[in-house]
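Presented below is the structure to which this report refers.
Because the structure is a prediction, the values reported are computed rather than measured.
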Amino acid sequence: MPDVDRIPVLVHDDATPDATIAMRRALRVASHVTLAVPDHSPNHTANVAAADAAGIPVTVEMLPRHSDVRDALALCADHGLYVAYVPHPGDHTDVLLRNVIQAAARDEQAGLPVLAVHIVHPDAPTTGPVVELDPAHSDAGFAALFAAGLAASLHTPLHILRLTGDRSDTDLRAADALHQARQLITDQNLAVYHHDTNRQPFDAAVHYAHGAYAVVMGLGGFAVSGHKLTHPSQLPNRVLGTPDGQLAHHLTRHAPTDTVVVLDAIDLHH
């Protein structure tokens, strides 16, 4: 991949074996890796060696004891990073998504307008198209831009899946980003395929995820108030109960591939 196509990214080493898979995924697109790692991780040497072998420079950021993905993603605002790779959490996808939402909100307060979190599934294909979910209930220009950028970086087709539903009162978030996505598609001469479906949205999303390199969707455009929103268990169920939240949770739990959740316009008042 030419250097011009590469971007700086963050990788969260959560000390599980899957963190090495997340690192390999990130090295396919990274110009530089900020590696957020706990001091007890057994993956540290292997991950740094993999980056060295790929010729990708690494900055290691040691995380405090008892840290979690929120501490890792907080570094994105500190380093101006818009893309983060994190290992799949297994059965605890709801906890991961709550943590990610909290981290994105905190990063936004620190001046980072959007955060794309690439949740790396250990059994995901290493080839295949990028699938952009175009849900009926929201339009997110940043999600379109990240999907097009990932497809361009990997030199793979982009499949845009338009899910069923009413768009009569849908607000477009980040219209400029959507325009940039369309321009990128033209400039890079990307192969783009549009799919309309009458299937139930959850079923359609998982169906098109099979064989895909990654599925990209937007999540955001909401505000939540509460007393302890810094704790995952205190983030209201309605955050994941929104149509986009339900879809993100269903994909990360059931889709056999990577899910890229692009978060923007999230405001947590606590």
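The main-chain N or O of Pro38 is never found under 3.5 Å from a side-chain atom of Ser41 such that the two would form a donor-acceptor pair. Looking at His88, its side chain does come within 3.5 Å of a backbone N or O of Thr252 through a donor-acceptor pair. When atom types are taken as modelled, the side chain of Gln188 and the backbone of Leu190 share no donor-acceptor pair closer than 3.5 angstrom. Using modelled atom types, no side-chain atom of Arg70 and backbone atom of Ile101 make a donor-acceptor pair closer than 3.5 Å. A side-chain donor-acceptor contact under 3.5 Å links Glu108 to the backbone of Ala265. For the pair Arg173 (side chain) and Gly141 (backbone), a donor-acceptor distance under 3.5 Å is absent. For Glu61 (side chain) and Thr34 (main-chain N/O), no donor-acceptor pair under 3.5 Å exists by modelled atom type.
Open room surrounds CZ on Arg182; 12 or fewer heavy atoms of other groups in view lie less than 6.0 Å from it. Around NE2 of His195, the count of heavy atoms belonging to other residues, nucleotides or ligands within 6.0 Å exceeds 12. The number of heavy atoms from other shown groups lying within 6.0 Å of NE2 (His254) is above 12. Atom NE2 of His40 has more than 12 heavy atoms from other residues, nucleotides or ligands within 6.0 Å.
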> Which is it for Phe146 and Val83 under the side chain to side chain contact (heavy atoms under 4.5 Å, CB included) test, yes or no, and what are the steps along the way?
Replying inline: CA-CA 9 Å; Phe146 277 98; Val83 180; 3.4 Å; yes

>> Run the side chain to side chain contact (heavy atoms under 4.5 Å, CB included) test on Leu75 and Leu63 for me, step by step, so that the C-alpha distance in whole Å, both residues' side-chain angles and the decisive distance to 0.1 Å come before the verdict.
In response: CA-CA 10 Å; Leu75 296 171; Leu63 295 174; 4.2 Å; yes

> When you look at Val33 and Val9, which way does the side chain to side chain contact (heavy atoms under 4.5 Å, CB included) test go after all the steps?
Replying inline: CA-CA 5 Å; Val33 171; Val9 304; 4.1 Å; yes

>> One pair to check against side chain to side chain contact (heavy atoms under 4.5 Å, CB included): Asp39 and Arg65. What are the steps and the verdict?
In response: CA-CA 8 Å; Asp39 58 8; Arg65 190 173 295 274; 3.7 Å; yes

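For the pair Arg25 and Tyr213, the cation-pi test (distance below 6.0 Å, angle within 45°) is passed.
Between Gln109 and Leu268, the shortest heavy-atom distance links the atoms NE2-O, 3.8 Å. What you find for Pro57 and Ser31 is that their closest heavy atoms are CD-O, 3.4 Å. Between Val58 and Ala51, the shortest heavy-atom contact is CG2-CB, 3.1 Å. The two residues Gly211 and Pro129 have their closest heavy-atom pair at O-CD, 3.7 Å. Shortest non-hydrogen contact noted between Ala30 and Ile56 is O-CD1, 3.3 Å. Considering every non-hydrogen atom in both Ala140 and Leu172, the closest pair reads N-CD1, 4.5 Å.
Residue Met217 holds its CE atom at 4.5 Å from CG of Leu247, rounded to the nearest 0.5 Å. The structure places CG of Asp52 at 10.0 Å from CG of Leu27, a figure rounded to the nearest 0.5 Å. In this structure, OG1 in Thr257 is found 10.0 Å from CG in Leu251, a value given to the nearest 0.5 Å. Separation of atoms CG (Asn47) and CD1 (Ile21) is listed at 10.5 Å; rounding is to 0.5 Å. Here the CG atom belonging to Leu163 is positioned 7.5 Å from the CG atom belonging to Asp134, to the nearest 0.5 angstrom. His32 NE2 to Leu10 CG: the interatomic distance, rounded to the nearest 0.5 Å, is 10.5 Å.
Transitive grouping of hydrophobic side chains (ILVMFWY, heavy atoms separated by less than 4.5 Å) brings Val48 and Met23 into a common cluster. Leu158 and Leu145 fall into different hydrophobic clusters, where Ile, Leu, Val, Met, Phe, Trp and Tyr are joined by side-chain heavy atoms under 4.5 Å apart, directly or via other members. When the side chains of ILVMFWY residues are joined at heavy-atom separations under 4.5 Å, either directly or via intervening members, Val114 and Ile7 end up in a single hydrophobic cluster. Hydrophobic clustering keeps Leu219 apart from Val206 (ILVMFWY residues linked when any side-chain heavy atoms are closer than 4.5 Å, directly or through intermediates). Residues Val215 and Tyr193 fall into different hydrophobic clusters, defined by Ile, Leu, Val, Met, Phe, Trp and Tyr side chains chained together at heavy-atom separations under 4.5 Å.
The shortest distance between side-chain heavy atoms of Asp94 and Leu97 does not fall below 4.5 Å. For the pair Leu240 and Arg98, the minimum side-chain heavy-atom distance is below 4.5 Å. No side-chain heavy atom of Asp18 sits under 4.5 Å from any side-chain heavy atom of Val120. Between Val130 and Thr156, some side-chain heavy-atom pair lies under the 4.5 Å cut-off. Taking 4.5 Å as the limit, some side-chain heavy atom of Met62 sits within range of a side-chain heavy atom of Val37. Side-chain contact check for His179 versus Asp176: every heavy-atom pair is 4.5 Å or farther apart. Between Thr197 and His207, the closest side-chain pair of non-hydrogen atoms is not below 4.5 Å.
Under 3.5 Å, the side chains of Asp258 and His118 contain a donor-acceptor pair of N or O atoms. Inspection of the Thr16 and Asp14 side chains reveals an N or O donor paired with an N or O acceptor under 3.5 Å.
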